[in-house]
Amino acid sequence: MEKTSDKMDRVGIMGGTFDPIHYGHLVAAETARIEFSLDKVLFIPTGNPPHKQEHKVTPAELRFEMVRQAINDNVDFAISRVEIDRDGPSYTIDTLKLLHREYPGQELFFITGTDALKEIFFWREAEEILRLTYFIAASRPGFEARGFLEQAVKEHPQVEGRIHSLEVPALAISSTDIRARLQRGQSIRYLLPETVRLFIRSQGLYKG
Ligand code: ATP
Ligand code: MG
């Protein structure tokens, strides 16, 4: 269908540490793009993540490069440096405000797994975040969200209609598991794009 000029662009936002990016992220983004008729999905690797102090996070430029290589073959995927280029911790609210200023005509859809969804109410300026963006909650094995949305709407009525759930092909893949496998010297083949696997190997990342 031809796009009319008055239709707002629908932009998916896939935020994450991506340490490293894997097929779980990519399938969630692609499924959201199709199911919600998004014009594109913008991957935004975190700069200095405020929540992830439990392990040493890989330098932002290397995580950025892995995402860039992983999405390279999809014309509907793009990558943004907004969080990487900002000093200090990355807060989603700052990123959303910036995107709103830069692209006032866009409707934003923040894509998260069900694990991350449960945390959004604790994010800085959660109410404002929910005003600026819709949420797409992608199913993630091990993090069932059944009943969570209903409960959330009861407790926070302003959430009504702002969070949509999305069933994606279940991939029980996590960056934590990939890092652990590499530390144990195990294979990570078929868990993430081959280009990313080769990049990790060439840079000697996540070694035990
Ligand atoms: P870590 O284990 O280091 O936390 P991760 O695999 O959870 O890494 P993140 O970068 O933390 O990856 O996640 C970015 C976003 O992608 C989050 O919203 C997360 O819920 C979602 N996500 C990650 N893996 C999956 C998956 N397998 N299926 C669906 N969503 C996922
Ligand atoms: Mg995570």
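Whatever order the structure lists them in is the order used to number ligands and atoms, beginning at 1. These values consider heavy atoms only, across backbone and side chains, with no hydrogens, waters or symmetry-generated copies.
Side chain to side chain, Arg86 and Thr95 meet the donor-acceptor criterion of an N or O pair below 3.5 Å.
Ligand 1 has no N or O atom lying under 3.5 Å from any N or O atom of Ser174, backbone or side chain. The shortest N/O to N/O separation between Phe18 and ligand 1 falls below 3.5 Å. At under 3.5 Å, not a single nitrogen or oxygen of Thr112, backbone or side chain, sits near a nitrogen or oxygen of ligand 1.
Residue contact check for ligand 1: Asp19 places no non-hydrogen atom closer than 4.0 Å to it. Within the 4.0 Å heavy-atom cutoff, Val168 does not count among the residues contacting ligand 1. By the 4.0 Å heavy-atom criterion, Ser139 is counted among the residues contacting ligand 1.
No donor-acceptor pair closer than 3.5 Å links the side chain of Thr31 to the backbone N or O of Val168. Within the 3.5 Å criterion, the main-chain N or O of Ser174 finds no donor-acceptor partner in the side chain of Arg179. Between the side chain of Arg197 and the backbone N or O of Leu192 there is no donor-acceptor pair closer than 3.5 Å.
Those atoms of ligand 1 that come under 4.0 Å of a heavy atom in Met14, given as number and element, are 15 (C), 16 (O). For ligand 1 and Asp115, the ligand atoms under 4.0 Å from any heavy atom of the residue are 19 (C), 20 (O). Near Ala116, with a cut-off below 4.0 Å to any heavy atom, the atoms of ligand 1 are 18 (O), 20 (O). The distance from ligand 1 to the heavy atoms of Gly16 drops below 4.0 Å at these ligand atoms: 10 (O), 14 (C). The distance from ligand 1 to the heavy atoms of Ile173 drops below 4.0 Å at these ligand atoms: 24 (N), 27 (N). Every atom of ligand 1 with a heavy atom of Arg179 under 4.0 Å away is listed here by number and element: 3 (O).
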- prompt: Run the side-chain contact (heavy atoms from CB on, under 4.5 Å) check on Phe148 and Leu117 step by step: do they pass?
  reply: CA-CA 9 Å; Phe148 173 77; Leu117 178 75; 3.6 Å; yes

message: Walk me through whether Phe36 and Leu166 qualify under side-chain contact (heavy atoms from CB on, under 4.5 Å).
response: CA-CA 9 Å; Phe36 288 84; Leu166 172 70; 3.9 Å; yes

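Between Gly15, Ser175, Ala172, Pro20, it is Ser175 that holds the heavy atom closest to atom 6 (O) of ligand 1. Distances from atom 2 (O) of ligand 1 to the heavy atoms of Thr176, Leu166, Ile136 put Thr176 nearest. Distances from atom 19 (C) of ligand 1 to the heavy atoms of Ala32, Gly113, Ala137, Ala180 show the closest one on Gly113.
Geometric assessment of Arg81 against the ring of Phe64 yields a positive cation-pi assignment under the 6.0 Å and 45° thresholds.
Taking every heavy atom of both residues into account, Ala116 and Trp123 meet most closely at O-CZ2, 4.3 Å. Scanning both residues, Ile188 and Arg181, for their nearest heavy atoms gives CG2-CB, 3.9 Å.
Screening Arg68, Glu30, Met14 for a side chain to side chain contact (heavy atoms under 4.5 Å, CB included) involving Phe77 leaves a single residue, Glu30.
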